[in-house]
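Worth knowing before you read on, the calculation uses all heavy atoms, side chains too, and leaves out hydrogens, waters and symmetry mates.
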Amino acid sequence: LLRRMKTDPGIVPDLPEKTEMRAECGLAKKQVALYEKTLKDLEKQLESKDGMERRGLVLTTLMQLKQICNHASQFLRQDEYELKDSGKFQRLQQICQPIAERQERVLIFTQMVRMLDILQDFLDARAYGFERIDGNVHGSMRQAAIDRFSDPRSAAFVFLLCTPAGGVGINLTAADTVIIYDSDWNPQNDLQAQARCHRIMEASNPPMSRYTMPHATYIMRSRLRSVVATHSWSLDRKGTGPLSGGGPGRCRRAFAYTHL
């Protein structure tokens with residue numbers, strides 16, 4: 001059994017440097033209004049909740065805030081998606097246009113399958129060729145999509161991937177750029193996603209872009225800290241606070257810590 005790891009001293013010369021950039025995105029007006037309303041609703045509902053109900057409410061709200069940051073229409077479950085209603089969409093267009101002009105290729109990862117549908121509509125409207133892998137794409141269809149994208153003659157400019165389904169076990173070294181549209185609850189899943197085109201013996205130096213929303217982070221930090229103080233409960237790491245518990249909840253709790 002021969003095992004090579006990226007951390008091995010003999011491998012480092014064969015591994016291109018990975019450059020990660022944080023693409024800061026502002027909140028659109030509609031997103032700001034929804035974000036503020038969601039946090040106000042949380043404050044009101046917490047007054048009548050305790051124990052497990054309160055913990056579940058906080059975790060549900062974190063998911064809703066994540067959807068709002070992706071696109072206002074995702075949270076509202078609308079079928080039409082306006083560019084002006086999402087700071088991330090506007091930033092995505094700014095990034096993708098020069099990449100397309102250079103005839104390079106890009107991987108876009110998101111945690112949510114519904115967000116893939118929205119991104120697919122975004123690409124269709126701009127006549128960008130793409131491939132897609134999510135949990136519903138299996139076996140030969142999955143490999144066929146990878147082969148098409150890897151073909152130098154392919155018209156596919158973007159590969160849309162759901163982080164849990166497409167973040168491991170595949171090589172997509174034809175890509176020049178990786179975009180993490182929304183971070184996974186588990187940071188290790190994002191690192192695995194980046195590794196899809198950051199491989200040993202590759203000649204290219206793929207840049208990794210992670211979308212962040214500092215304004216949304218500021219709002220959530222200030223509001224939730226206020227809620228914590230008002231209701232006298234903590235977000236401690238010892239498993240005694242309202243966000244305690246294992247499994248996906250633990251991942252969400254870790255995500256909350258990075259923002260709080």
Side-chain angles (χ1 to χ4, degrees), residues 4 6 11 14-21 23 70-71 74 81 83 86 88-184 186 188-211:
R4 300 194 301 170
K6 292 181 179 180
I11 297 301
D14 296 330
L15 186 66
E17 183 181 356
K18 182 175 68 173
T19 304
E20 181 171 347
M21 302 170 290
N70 282 344
H71 199 294
Q74 183 187 9
Y81 307 97
L83 182 67
S86 172
K88 286 189 177 184
F89 257 39
Q90 296 171 24
R91 193 73 174 94
L92 182 64
Q93 179 167 267
Q94 294 172 0
I95 291 177
C96 283
Q97 186 171 349
I99 294 176
E101 292 173 353
R102 295 194 301 266
Q103 296 185 336
E104 297 177 350
R105 300 187 185 183
V106 59
L107 310 180
I108 301 180
F109 284 91
T110 176
Q111 186 186 14
M112 306 177 189
V113 174
R114 180 56 180 156
M115 196 63 225
L116 287 181
D117 297 335
I118 300 173
L119 290 169
Q120 185 170 321
D121 292 342
F122 171 85
L123 296 173
D124 279 334
R126 287 152 186 79
Y128 287 147
F130 64 90
E131 299 290 345
R132 170 175 170 165
I133 285 181
D134 56 43
N136 296 318
V137 180
H138 303 288
S140 60
M141 294 176 60
R142 181 186 179 100
Q143 187 58 49
I146 296 171
D147 292 342
R148 287 193 299 268
F149 185 78
S150 301
D151 188 339
R153 299 166 297 177
S154 173
F157 154 62
V158 176
F159 209 127
L160 298 175
L161 301 111
C162 182
T163 307
V168 294
I170 59 177
N171 291 338
L172 292 168
T173 52
D176 304 282
T177 303
V178 177
I179 294 176
I180 307 295
Y181 189 87
D182 59 81
S183 297
D184 195 273
N186 185 349
Q188 289 301 317
N189 288 343
D190 287 341
L191 294 177
Q192 288 288 339
Q194 295 175 14
R196 296 315 95 213
C197 74
H198 185 231
R199 316 298 289 177
I200 296 170
M201 296 301 290
E202 280 300 305
S204 62
N205 178 14
M208 316 289 176
S209 296
R210 183 190 301 272
Y211 284 2

Non-hydrogen side-chain atoms of [X] and [Y] separated by less than 4.5 Å:
X: N186; Y: T163; value: no
X: I95; Y: V106; value: no
X: R105; Y: F159; value: no
X: F109; Y: N189; value: no
X: P164; Y: D184; value: yes
X: C96; Y: R126; value: no
X: I99; Y: Y128; value: no

Atom of [X], atom of [Y] and distance for their closest heavy-atom approach:
X: Q111; Y: D182; answer: N-OD1, 3.0 Å
X: S150; Y: A174; answer: CA-CB, 3.9 Å
X: Q74; Y: Y81; answer: N-CE2, 4.3 Å
X: I133; Y: V137; answer: CA-CG2, 4.2 Å

Donor-acceptor contacts under 3.5 Å from residues 116-125 side chains, at least two apart:
unit_1, atom_1, unit_2, atom_2, d
D117, OD1, R132, NH1, 2.8
D117, OD1, R132, NH2, 2.9
Q120, OE1, R132, NH1, 2.8

Measure the spacing between [atom1] of [X] and [atom2] of [Y] and express it to the nearest 0.5 Å.
X: I108; Y: T177; atom1: CD1; atom2: OG1; result: 10.0 Å
X: M112; Y: H71; atom1: CE; atom2: NE2; result: 14.0 Å
X: N136; Y: R142; atom1: CG; atom2: CZ; result: 11.5 Å
X: R148; Y: R153; atom1: CZ; atom2: CZ; result: 13.5 Å
X: M115; Y: D134; atom1: CE; atom2: CG; result: 14.0 Å
X: L83; Y: Q93; atom1: CG; atom2: CD; result: 5.0 Å

Excluding sequence neighbours, so at least two apart, what forms side-chain hydrogen bond (donor to acceptor under 3.5 Å, both in side chains) with S86?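 side-chain hydrogen bond (donor to acceptor under 3.5 Å, both in side chains) check on S86 returns nothing, list empty.
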Begin from the C-alpha positions of F149 and L107 and carry the test side-chain contact (heavy atoms from CB on, under 4.5 Å) through to its verdict. CA-CA 10 Å; F149 185 78; L107 310 180; 3.9 Å; yes
